Amino acid sequence: MKANAPRQLAEHISELGFSVDISSSTTQASGTYGRFEEIDTEREQEEIMLNTAALVDLTHSLLPDMLRRENGVIVNVASIAVFMPCAYSTVHGATKAFVLSFSEVLWAETRGRGVRVLALCPGATETGVFDAVVSEEMGAGQNLSLSTSTWMRNESRLH
């Protein structure tokens, strides 16, 4: 992700003469998984940037227009991991906790001003994350496609 991509997107939308009524930020395209000290720090930084900085930047770019129009919805996708952090998903849980906290505070700041803010905290959901996750304990080097029940069984086995 380019550092200024969310801002460029918002600027491009504005240049086209459009306004955003609903912003939905589902930022987790791939995640890091494994023992914290063994995870590639570059991938970790990419995950942090995508899950937090991009979310803040995009919201910061879109919110003023929503407030001016007194109409808009911001939906941020956090995770059940904010309530029950999982070992081997350290950065994922921490960044999703940020998403929830950011959303709650933004809700309080925009309350009564025509913009609705909410955070979703879904449980394990079969997405592209499962395809991207590779760890030694779960078959390093393999492209994994796990069902939620398989993921949870493997999570339990690793503890």
Side-chain angles (χ1 to χ4, degrees), residues 1-34 36-135 143-146 148 151:
M1 180 201 83
K2 291 183 180 179
N4 59 352
R7 235 169 302 142
Q8 288 177 340
L9 174 63
E11 288 170 7
H12 187 65
I13 290 168
S14 181
E15 288 168 5
L16 292 172
F18 296 116
S19 56
V20 175
D21 294 323
I22 301 173
S23 172
S24 176
S25 299
T26 308
T27 57
Q28 186 71 35
S30 66
T32 54
Y33 184 86
F36 177 76
E37 74 276 7
E38 295 173 0
I39 294 173
D40 177 65
T41 56
E42 196 169 303
R43 278 196 64 217
E44 231 168 27
Q45 290 302 310
E46 289 171 4
E47 184 176 12
I48 292 166
M49 290 296 294
L50 182 63
N51 289 355
T52 61
L55 171 75
V56 169
D57 200 17
L58 185 61
T59 304
H60 200 269
S61 296
L62 298 176
L63 182 62
D65 184 53
M66 289 180 175
L67 289 170
R68 217 174 356 269
R69 292 181 291 115
E70 295 182 355
N71 184 32
V73 180
I74 296 172
V75 180
N76 295 324
V77 179
S79 169
I80 197 168
V82 305
F83 304 111
M84 46 185 241
C86 298
Y88 307 105
S89 298
T90 308
V91 171
H92 172 77
T95 59
K96 293 303 184 171
F98 173 88
V99 172
L100 178 60
S101 180
F102 174 75
S103 300
E104 290 175 332
V105 173
L106 194 61
W107 170 84
E109 289 183 13
T110 59
R111 187 172 163 197
R113 297 170 65 195
V115 176
R116 293 162 307 279
V117 180
L118 63 109
L120 302 177
C121 299
T125 305
E126 194 168 348
T127 66
V129 169
F130 293 107
D131 293 331
V133 172
V134 176
S135 84
N143 198 11
L144 302 175
S145 179
L146 303 174
T148 302
W151 174 261

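In this text, all values refer to a predicted model and were calculated from it rather than measured experimentally.
In this structure, CZ on Phe102 lies 13.0 Å from NZ on Lys96, to the nearest 0.5 angstrom. Atom CD in Glu44 sits 10.0 Å away from atom OG1 in Thr95 (nearest 0.5 Å). Taking CG from Asn51 and CZ from Phe98, the interatomic distance works out to 10.0 Å, rounded to the nearest 0.5 Å. To the nearest 0.5 Å, atom OG of residue Ser24 and atom CG of residue Leu120 are 7.0 Å apart. Here CD of Gln8 is found 10.0 Å from OG of Ser61. Values are rounded to the nearest 0.5 Å. We find the CZ-CD distance between Arg7 and Glu11 to be 7.5 Å, quoted to the nearest 0.5 Å.
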Less than 3.5 Å apart, which donor and acceptor atoms pair up between the side chains of residues 62-83 and the rest of the protein, not counting sequence neighbours?
from: Asp65; atom 1: OD2; to: Arg69; atom 2: NE; distance (Å): 3.0
from: Arg69; atom 1: NH1; to: Asp21; atom 2: OD1; distance (Å): 2.9
from: Arg69; atom 1: NH2; to: Val20; atom 2: O; distance (Å): 2.6
from: Asn76; atom 1: ND2; to: Ser103; atom 2: OG; distance (Å): 2.9
from: Ser79; atom 1: OG; to: Ala81; atom 2: N; distance (Å): 2.9

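For residues 97-123, there are no salt bridge (Lys or Arg N to Asp or Glu O under 4.0 Å) pairs, not counting sequence neighbours.
By the 6.0 Å contact criterion, CD1 on Ile22 is open, its count of non-hydrogen atoms from other residues, nucleotides or ligands being 12 or less.
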(request) Begin from the C-alpha positions of Trp107 and Leu118 and carry the test side-chain contact (heavy atoms from CB on, under 4.5 Å) through to its verdict. (result) CA-CA 7 Å; Trp107 170 84; Leu118 63 109; over 6 Å; no
(request) With side chain to side chain donor-acceptor pair (under 3.5 Å) as the test, would you mind laying out the steps for Glu47 and Thr32 before giving the verdict? (result) CA-CA 7 Å; Glu47 184 176 12; Thr32 54; 2.5 Å; yes
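Two residues are said to be in side-chain contact when any heavy atoms from C-beta on lie closer than 4.5 Å; Glu46 and Glu42 meet this criterion.
At distances below 3.5 Å, at least one donor-acceptor pair connects side-chain atoms of Thr59 with backbone N or O atoms of Leu55.
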